[in-house]
Amino acid sequence: FLDGDWRGSSKVLRRDGWAPMVQTGRVGTMQDGTVRMIEARGYEADGRLSFEVLRIISYEPETQTYSMRSYQSGSIREHMLSLTDNGVAWESESGGNGSVRYEASVKNGAWTETATRMRARGEPETYVEVRMKRLRNSGWPQAGGLGAK
């Protein structure tokens with residue numbers, strides 16, 4: 001349900017308020033469908049790339065669990081994924097002050113994703129909101145593989 005090329009809008013809560021962005025995504029499988037790769041990029045209003053992440057999701061049959069490794073800004077993080085009705089959710093520690101909960105889902109042809117700060121003290125605060133539509137199916141990343149000749 002995630003595979004394909006995606007584009008839409010996102011917004012990020014910054015010190016001076018919400019900043020609109022253009023969000024893109026490419027999703028595809030490798031290893032006979034057992035590994036899913038997600039590339040996401042965020043572009044500022046002036047077209048400048050300001051966000052880029054590569055996520056690799058895999059399934060472990062022995063424990064029947066999903067995990068994800070993400071690569072962003074030189075940082076590598078491991079996450080356990082939980083399945084939701086329409087997608088996935090995961091959490092990441094946030095410098096000892098709490099965590100960030102991410103939720104991504106696809107419903108009625110729209111990919112929505114949020115990032116919410118779960119503070120040790122205080123109320124949760126959503127600071128990223130994404131809404132994309134599927135542009136087309138994609139053979140990425142396997143379509144780009146080199147053949148034997």
Side-chain angles (χ1 to χ4, degrees), residues 1-14 19-44 47-120 124-149:
F1 68 98
L2 290 175
D3 292 356
D5 293 339
W6 299 78
R7 179 177 290 122
S9 62
S10 64
K11 59 183 182 176
V12 179
L13 183 59
R14 297 186 174 144
M21 299 176 72
V22 171
Q23 185 83 22
T24 64
R26 291 192 300 174
V27 183
T29 60
M30 295 187 77
Q31 305 289 311
D32 291 327
T34 61
V35 175
R36 177 161 277 104
M37 294 180 61
I38 302 171
E39 175 194 62
R41 294 180 176 184
Y43 297 90
E44 299 289 335
R48 180 176 42 90
L49 177 67
S50 66
F51 168 80
E52 186 173 27
V53 64
L54 176 65
R55 298 171 177 153
I56 301 173
I57 297 174
S58 59
Y59 178 72
E60 175 53 58
E62 289 181 22
T63 59
Q64 297 183 358
T65 58
Y66 290 90
S67 64
M68 179 175 67
R69 177 174 268 196
S70 65
Y71 301 85
Q72 180 181 346
S73 303
S75 175
I76 302 170
R77 295 201 172 160
E78 300 282 343
H79 312 277
M80 293 304 296
L81 292 181
S82 57
L83 299 180
T84 64
D85 289 341
N86 297 313
V88 295
W90 66 99
E91 288 195 24
S92 179
E93 293 301 314
S94 180
N97 296 325
S99 62
V100 176
R101 179 167 176 80
Y102 299 88
E103 296 183 50
S105 65
V106 174
K107 187 174 181 182
N108 298 326
W111 174 330
T112 58
E113 187 170 328
T114 58
T116 303
R117 291 183 184 104
M118 310 300 283
R119 297 185 171 125
E125 175 185 44
T126 298
Y127 70 99
V128 175
E129 294 181 0
V130 175
R131 186 168 182 84
M132 296 185 292
K133 292 277 188 185
R134 185 187 323 268
L135 299 174
R136 61 187 158 265
N137 291 330
S138 172
W140 181 87
Q142 281 195 321
L146 294 176
K149 295 187 179 206

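Values reported hereafter were calculated over all heavy atoms of this structure, with side chains retained and with hydrogens, waters and symmetry mates removed.
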Please determine whether a side-chain nitrogen of the Lys or Arg among E129 and R131 lies less than 4.0 Å from a carboxylate oxygen of the Asp or Glu.
no
Please round to the nearest 0.5 Å and tell me the distance separating atom CZ of R77 and atom CD of E91.
12.5 Å
Below 4.0 angstrom, N of the basic side chain to O of the carboxylate: do D3 and R36 qualify?
yes
Heavy-atom pair with the smallest gap, counting every atom of K133 and G109:
CD-O, 3.5 Å
A side-chain contact here means heavy atoms from C-beta on lying under 4.5 Å apart; do V12 and M21 qualify?
yes
Nearest-0.5 Å distance that lies between atom CD1 in I76 and atom OG in S70:
9.0 Å
Given R26, R55, M30, the one that forms side-chain contact (heavy atoms from CB on, under 4.5 Å) with M37:
M30
Can you pull out every salt bridge (charged side-chain N to carboxylate O under 4.0 Å, His left out) where at least one residue sits in residues 58-70? Sequence neighbours excluded, please.
R69-E78
Mind listing the closest non-hydrogen atom pair of V100 and Y127 along with its distance?
CG1-OH, 3.6 Å
Side chain to side chain donor-acceptor pair (under 3.5 Å) partner of S105, chosen from N86, T114, T112:
T112
Test item: L2 and W111 side chains (from C-beta on) under 4.5 Å apart, heavy atoms
yes
To the nearest 0.5 Å, atom CD of E103 lies from atom OG of S82 at 8.0 Å
Would you call Q23 and R41 a side-chain contact if the rule is heavy atoms closer than 4.5 Å?
no
Show the nearest heavy-atom pair for residues M132 and G8, with the distance to one decimal.
CG-N, 3.7 Å
Measure the spacing between CH2 of W6 and CG of L135 and express it to the nearest 0.5 Å.
9.0 Å
Closest non-hydrogen atom pair, V22 against R7
CG1-CG, 4.2 Å
Note, V128 side chain near Y102 side chain (heavy atom, < 4.5 Å)
no
Quick one, L83 and V88 - any side-chain contact, counting heavy atoms below 4.5 Å?
yes
Under 4.5 Å between any side-chain heavy atoms of W90 and I57, yes or no?
no
Of all the heavy-atom pairs spanning Y71 and I56, show the shortest one and how long it is.
CE1-CD1, 4.0 Å
